[in-house]
S.K.: 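My questions will all concern the structure given below.
Numbered from 1 within each chain, the chains take letters A, B, ... in sequence-line order.
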Number of protein chains: 2
Amino acid sequence: MKKPLSEPDLPMEAASVSDGTLRSLHGYQIKRAFNVIQSDLNRTLKPFKLRMITYTALILIVDNPGLRQSQLAEAMDIERPNLVVIIDELERRDLILRDRLPSDRRAYALKATLAGRRLCEKAVAAVQAHEERLLKGINPDALRTAMKVMQLIEANRHRET
Amino acid sequence: MKKPLSEPDLPMEAASVSDGTLRSLHGYQIKRAFNVIQSDLNRTLKPFKLRMITYTALILIVDNPGLRQSQLAEAMDIERPNLVVIIDELERRDLILRDRLPSDRRAYALKATLAGRRLCEKAVAAVQAHEERLLKGINPDALRTAMKVMQLIEANRHRET
DNA sequence: TATTGTTATACTCTATAACTATA
DNA sequence: TATAGTTATAGAGTATAACAATA
């Protein structure tokens, strides 16, 4: 929706797209913003061979050593099966490791390796630059408000089948 | 991230996930909100056999009769090839039709059928209820601010490369 | 019985290259 | 040559059922 209203050189038959807000669909604006963030972030993370989802998993493991996969999946709000391949990928690259919990031999304690912590810190710096770029010109109060709104939306999740 | 901090009955080995904001990653909060919206909306649209993306295309065609596919793709911020299957689906269900433009026989003028307009209006009502539910308790000013922030993020899209 | 991690699978959304028919 | 729509395809995210090992 870069061109908000009518273009001068369109033939009569072609309509102009009504500007901005789709009626009754705030969700689509959030989708568009998210797509921009995701593709820009993935470009930023490419040199580290990380994606948004693997970066998120790595940073949570670095910041919360000993996390179980089920806890991490809940924290990331993804399904357990989908986390497995992410953990596999990080483990194969020796960025994290799966330690068996003696107290519960079904579960793993996830821990970052030194290499994982180092890569994470470098990636964090790049991501900070990415966010500065993408959030440039946005009033910090407005941004805080927006993030609070995102949390409220998440909290209003509809759980009944 | 429903449980913000430590759970009382966890064994010592298990760490608690640090609450809320992932350091330097506003994007992930937006992702989570979007996922909630998308899955709730798709559930809402299921009785109409629509999804977020087909609903969006339909409403834009209803509101902008004569739209070309390329214009619609740009308005929805998706790639032209991905729009084709969406238009196919709506056309197969006789909700819209592709009219050849006499002035440019490469292009189509997209128009909603009566059935399409009727389904659209019913879906709009359901979506309004969905958004009321999901945005319940959110200050309208805060919501407006959040939507403006989403637009600004979209406008800061990184285009080089 | 219930839970942790796993496998397999299916569906959706996104992105790109290459084609056709028109301009 | 450029553009509108199309085909084919690949990649990534998400969701569910069912299983083995363990609780």
Side-chain angles (χ1 to χ4, degrees), chain A residues 7 9-11 13-14 27-28 30-32 34-43 45-46 49-57 67-74 76-89 91 98-110 157 161, chain B residues 7 9-11 13-14 27-28 30-32 34-43 45-46 49-57 66-74 76-89 91 98-110 161:
Chain A
E7 300 170 47
D9 55 333
L10 281 181
E13 295 90 344
Y28 208 73
I30 299 176
K31 172 195 184 132
R32 300 162 66 98
F34 170 62
N35 285 349
V36 168
I37 290 170
Q38 163 123 300
S39 73
D40 185 283
L41 180 62
N42 283 341
R43 210 177 314 140
L45 289 173
K46 197 154 200 181
K49 295 200 180 86
L50 291 170
R51 306 185 306 284
M52 185 183 216
I53 205 165
T54 53
Y55 170 78
T56 305
L67 212 57
R68 292 164 171 228
Q69 288 186 203
S70 57
Q71 293 176 308
L72 180 55
E74 196 195 352
M76 293 178 63
D77 202 18
I78 63 178
E79 299 301 319
R80 268 58 96 226
N82 296 328
L83 183 61
V84 173
V85 290
I86 293 164
I87 297 301
D88 283 349
E89 185 178 329
E91 193 182 35
R98 286 189 243 230
D99 254 10
R100 275 284 178 209
L101 275 177
S103 59
D104 183 345
R105 294 185 35 74
R106 293 171 303 181
Y108 291 113
L110 301 174
R157 162 177 258 147
T161 310
Chain B
E7 302 171 47
D9 55 333
L10 281 179
E13 295 90 344
Y28 208 73
I30 298 175
K31 172 194 183 134
R32 299 163 66 100
F34 170 64
N35 285 350
V36 168
I37 290 170
Q38 164 124 298
S39 74
D40 186 282
L41 180 62
N42 283 341
R43 209 177 314 139
L45 289 173
K46 197 155 200 180
K49 295 198 180 88
L50 292 170
R51 305 185 306 283
M52 186 183 216
I53 205 165
T54 54
Y55 170 79
T56 306
L67 211 58
R68 293 164 172 227
Q69 288 185 203
S70 56
Q71 294 176 305
L72 180 54
E74 197 196 351
M76 293 178 65
D77 202 19
I78 63 176
E79 299 300 318
R80 268 60 94 225
N82 296 328
L83 183 60
V84 173
V85 290
I86 292 163
I87 297 300
D88 283 349
E89 185 178 329
E91 193 183 34
R98 287 188 242 230
D99 254 10
R100 275 287 180 208
L101 276 176
S103 60
D104 184 346
R105 295 185 33 73
R106 293 171 303 183
Y108 291 114
L110 301 174
T161 308

S.K.: Roughly, in whole Å, what's the span from CE in A:M52 to C1' in D:dT14?
M.R.: 15 Å

S.K.: Which nucleotide, D:dG13, D:dA17, D:dT7, lies nearest any side-chain atom of B:K31?
M.R.: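 The listed nucleotide nearest to B:K31's side chain is D:dG13.
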
S.K.: Return the value, rounded to whole Å, for the distance between atom OH of B:Y108 and atom P of C:dA23.
M.R.: 13 Å

S.K.: If I take atom CZ in residue A:R100 and atom C1' in nucleotide C:dT3, what distance separates them, rounded to the nearest angstrom?
M.R.: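 The distance from CZ of A:R100 to C1' of C:dT3 comes to 13 Å, rounded to the nearest Å.
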
S.K.: Determine whether A:L41 and A:K46 make a side-chain contact, defined as any pair of heavy atoms from C-beta on separated by less than 4.5 Å.
M.R.: no

S.K.: Between A:Q69 (CD) and C:dT6 (C1'), how many Å, whole number?
M.R.: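 After rounding, the gap between these two atoms is 9 Å.
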
S.K.: Once you round it to whole Å, what is the distance between C1' of D:dT16 and CG of A:L83?
M.R.: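 It is 16 Å, rounded to the nearest whole Å.
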
S.K.: Compute both the distance and the angle, then confirm whether B:R68 meets the cation-pi test with B:Y108: under 6.0 Å from the six-membered ring centre, within 45 degrees of the axis.
M.R.: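 That pair does not qualify as a cation-pi contact.
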
S.K.: Which nucleotide in the set C:dA23, C:dT4, D:dA4 lies at the smallest distance from any side-chain heavy atom of A:A107?
M.R.: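 When the side chain of A:A107 is considered, C:dT4 is the closest of C:dA23, C:dT4, D:dA4.
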
S.K.: Could you tell me how far apart B:I87 (CD1) and D:dA4 (C1') are, to the nearest whole angstrom?
M.R.: 13 Å

S.K.: Side-chain N or O of B:S70 versus OP1/OP2 of D:dG5: is the shortest distance under 4.0 Å?
M.R.: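 Indeed, a polar side-chain atom of B:S70 lies that close.
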
S.K.: Of the candidate nucleotides D:dG5, C:dC13, D:dT22, which contains the atom at the shortest distance from the side chain of B:Q38?
M.R.: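 Closest of the options to the side chain of B:Q38: C:dC13.
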
S.K.: What's the closest nucleotide to the A:E79 side chain, out of C:dG5, D:dA15, C:dA15?
M.R.: D:dA15

S.K.: To the nearest Å, give me how far apart CG (A:N82) and C1' (C:dT4) are.
M.R.: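 Atom CG in A:N82 sits about 15 Å away from atom C1' in C:dT4.
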
S.K.: A side-chain contact here means heavy atoms from C-beta on lying under 4.5 Å apart; do A:R51 and A:L45 qualify?
M.R.: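 Of all side-chain heavy-atom pairs linking A:L45 with A:R51, none is under 4.5 Å.
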
S.K.: If you define the side chain from C-beta out and look only at heavy atoms, does anything of A:F34 sit under 4.5 Å from A:K31?
M.R.: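 Sidechains of A:K31 and A:F34: no contact.
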
S.K.: Whether A:R51 contacts D:dG13 is assessed here as follows: a side-chain N or O lying under 4.0 Å from the phosphate OP1 or OP2. Is that the case?
M.R.: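 Yes, such a contact exists.
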
S.K.: Please identify each residue that fulfils salt bridge (charged side-chain N to carboxylate O under 4.0 Å, His left out) with A:E91, with sequence neighbours left out.
M.R.: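 Applying salt bridge (charged side-chain N to carboxylate O under 4.0 Å, His left out) to A:E91 gives A:R98.
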
S.K.: Roughly, in whole Å, what's the span from CZ in B:R80 to P in C:dT20?
M.R.: 20 Å

S.K.: Closest nucleotide of DNA chain C for B:D104 versus for B:N42: which of these residues is on the 5' side?
M.R.: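 Counting from the 5' end, the first nearest nucleotide belongs to B:N42.
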
S.K.: For the side chain of A:R106, starting at C-beta, report the closest nucleotide among C:dT22, D:dA17, C:dT4.
M.R.: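 Selected nucleotide (nearest to the side chain): C:dT4.
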
S.K.: Consider the side chain of B:I53, meaning its heavy atoms from C-beta on, and name the nucleotide among D:dT16, C:dT14, D:dT7 that approaches it most closely.
M.R.: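 Taking heavy atoms from C-beta onward, the closest nucleotide is C:dT14.
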
